[in-house]
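Hydrogens, waters and symmetry mates are skipped; everything else that's a heavy atom, side chains included, is used.
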Amino acid sequence: MIDGRAFLATRVNHGNFVTAYTLDELERRISDARFILPICSLGTAPQRLSELGPLVLPPLYHEALTDELKGRIVERIGQCFPYCDGLRKRTQWQGTLEVVELPRAAPPSCPPPRVFAFSVDTAVEEHGPHLPLATDTIQSYAVLDRLADKFDGFVVGPPVDYGMLTWGLAFGLSIDLTAPLTTQYVTGFVNAVMDWLKPESIYVVDVHGSLIHRQAVHAGVKAGHCRRHGFRWLYDPLMPFVAGRDDFHAGGVETAMIEHIGPDLVDVRWWPARVEELAAEQMPVPLAVELSQDLPKFIEHVESRPLNGIVGNIRNYFDVDATLMLERMLAVAQDDVQQLLRARKEVP
């Protein structure tokens, strides 16, 4: 099994994976671009995928899909990306989205992991002009990476990079899989992992803030064939910094976290020199919550104003401590894993 950390960007606006790019940088590149949506096996190397073209979306996995589910997911991605139905930019875009199916691979020969871990985040989700699309996944894997150093037999698998979202659709360069498709795909992925690696337990995390997304992911994990499993929304211990300060998406908290994880993951053309410009074009959280009930109205609002995709408070960056926030995320995740391992010992 490929180490899931190999899929992650280490530098913003660099490489062939779409998820490493910011909203603004992608928009400069895609007027007539050819995007690739790969469908591959769980063991396919990221390098093989990156060779498919200069703009590659995260993969879907053969082993997690039925023919019907594959058709529905591919159709849904096409409805959302690069601009969703209803956006003016959708009618102006002259590029293509091509599905490329790679050969299936055989499962690897390796000892079963004690814990197999992965994230289910929305890796194709705009995070403003200064952060990469995969901002959520990058944060989840920063925690998983540290857990792998703490626990023997803890294997970090590839991420599930599609889920349910709302806010990003109005700005573009975002993919909403819908809650039902997210649940079905997560169940298929869990079952595929069980067939391939036969792990003793599965641990799933996410950073993406949507309650509906979290419920869909949790339902998918529970419906799978893994008897011992855990699920954690890693931002749960960060709510005083997030909800308490109306800073949910691409604002100060996420900017601080991404900068802490890897300074090269933040676009220096925007941050920190243009913080006031970023703040002037951010959207208040209460307004985004209100508009999210009506996507056409949300789109109309975004298209009629100079908004940059931040939903929150970018100045909150100066009031938070990224080291402390990461420690809080790691603490709850470490407790979860210890519980999974204790449950393993208690089984006769």
Side-chain angles (χ1 to χ4, degrees), residues 4 7-9 17-21 23 26 35-42 44 46 49 52 55-85 97-102 117-127 132-141 157-169 171-193 204-221 223-224 231 233 249:
F7 285 88
L8 300 184
F17 287 109
V18 166
T19 50
Y21 288 81
L23 172 65
L26 270 180
F35 288 97
I36 301 296
L37 172 61
I39 302 179
C40 63
S41 274
L42 287 170
T44 303
L49 300 178
L52 296 174
L55 292 170
V56 181
L57 285 164
L60 299 170
Y61 293 100
H62 288 300
E63 295 81 9
L65 297 166
T66 63
D67 287 343
E68 178 186 2
L69 183 58
K70 177 173 67 175
R72 292 171 62 197
I73 290 177
V74 168
E75 179 182 21
R76 179 60 183 171
I77 290 173
Q79 292 169 348
C80 295
F81 193 84
Y83 300 108
C84 73
D85 293 337
L97 175 59
E98 179 182 342
V99 177
V100 175
E101 297 203 32
L102 299 177
F118 61 93
S119 81
V120 184
D121 281 301
T122 50
V124 189
E125 181 185 23
E126 67 79 19
H127 275 78
L133 268 61
T135 284
D136 293 349
T137 304
I138 290 167
Q139 293 174 82
S140 287
Y141 273 73
V160 173
D161 279 329
Y162 297 100
M164 182 271 167
L165 60 82
T166 300
W167 293 351
L169 288 178
F171 296 95
L173 282 307
S174 303
I175 293 174
D176 165 42
L177 209 58
T178 75
L181 289 179
T182 298
T183 296
Q184 292 177 56
Y185 187 53
V186 169
T187 299
F189 189 87
V190 167
N191 291 343
V193 167
V204 183
V205 301
D206 91 298
V207 160
H208 181 59
S210 164
L211 175 60
I212 299 174
H213 169 84
R214 300 200 302 271
Q215 291 172 336
V217 173
H218 198 190
V221 174
F231 170 72
W233 180 45
H249 178 73

About how many Å separate [atom2] of [Y] and [atom1] of [X], when rounded to the nearest 0.5 Å?
{"X": "Q139", "Y": "S119", "atom1": "CD", "atom2": "OG", "result": "10.5 Å"}
{"X": "L177", "Y": "T182", "atom1": "CG", "atom2": "OG1", "result": "4.5 Å"}
{"X": "L52", "Y": "E98", "atom1": "CG", "atom2": "CD", "result": "9.0 Å"}
{"X": "C80", "Y": "D85", "atom1": "SG", "atom2": "CG", "result": "8.0 Å"}
{"X": "E125", "Y": "H213", "atom1": "CD", "atom2": "NE2", "result": "9.0 Å"}
{"X": "L102", "Y": "S41", "atom1": "CG", "atom2": "OG", "result": "8.5 Å"}

Can you give me the closest heavy-atom contact between [X] and [Y], atom names plus distance?
{"X": "V190", "Y": "G224", "answer": "CG1-CA, 4.1 Å"}
{"X": "L49", "Y": "P59", "answer": "CD1-CG, 3.7 Å"}
{"X": "L37", "Y": "P58", "answer": "CD1-O, 3.6 Å"}
{"X": "F171", "Y": "E126", "answer": "CD1-OE2, 3.5 Å"}
{"X": "A216", "Y": "T183", "answer": "O-OG1, 2.8 Å"}
{"X": "T137", "Y": "D121", "answer": "OG1-CB, 3.4 Å"}

* Could you walk me through whether V160 and V217 pass the side-chain contact (heavy atoms from CB on, under 4.5 Å) test, one step at a time? => CA-CA 10 Å; V160 173; V217 173; over 6 Å; no

Side-chain touch [X]/[Y], heavy atoms, less than 4.5 angstrom:
{"X": "V207", "Y": "T135", "answer": "no"}
{"X": "F17", "Y": "P132", "answer": "no"}
{"X": "T122", "Y": "Y162", "answer": "no"}
{"X": "E101", "Y": "H62", "answer": "yes"}

Looking only at atom types and distance, does a side-chain atom of [X] sit under 3.5 Å from a main-chain N or O of [Y], one as donor and one as acceptor?
{"X": "S174", "Y": "G172", "result": "yes"}
{"X": "W233", "Y": "S210", "result": "no"}
{"X": "Y61", "Y": "G188", "result": "no"}
{"X": "T187", "Y": "G220", "result": "yes"}

* Stepwise, does the side-chain contact (heavy atoms from CB on, under 4.5 Å) test hold for Y185 with V120? -> CA-CA 10 Å; Y185 187 53; V120 184; over 6 Å; no

* Asked: What is the ring orientation for H249 with W167, classed by angle as parallel under 30°, tilted 30 to 60°, or perpendicular over 60°?
  -> perpendicular

* V124 vs I77, side-chain contact (heavy atoms from CB on, under 4.5 Å): CA-CA, chis, key distance, verdict -> CA-CA 10 Å; V124 189; I77 290 173; over 6 Å; no

* Taking the six-membered ring for Trp, are F35 and F81 ring centroids under 6.0 Å apart? -> yes

* Asked: Centres of the Y141 and F7 rings: under 6.0 Å?
  -> no

* **Stepwise side-chain contact (heavy atoms from CB on, under 4.5 Å) check, T66 with Q184** => CA-CA 10 Å; T66 63; Q184 292 177 56; over 6 Å; no

* To do: Under the side-chain contact (heavy atoms from CB on, under 4.5 Å) rule, collect the residues that match up with T178, sequence neighbours excluded.
  => R76, D176, P180, L181

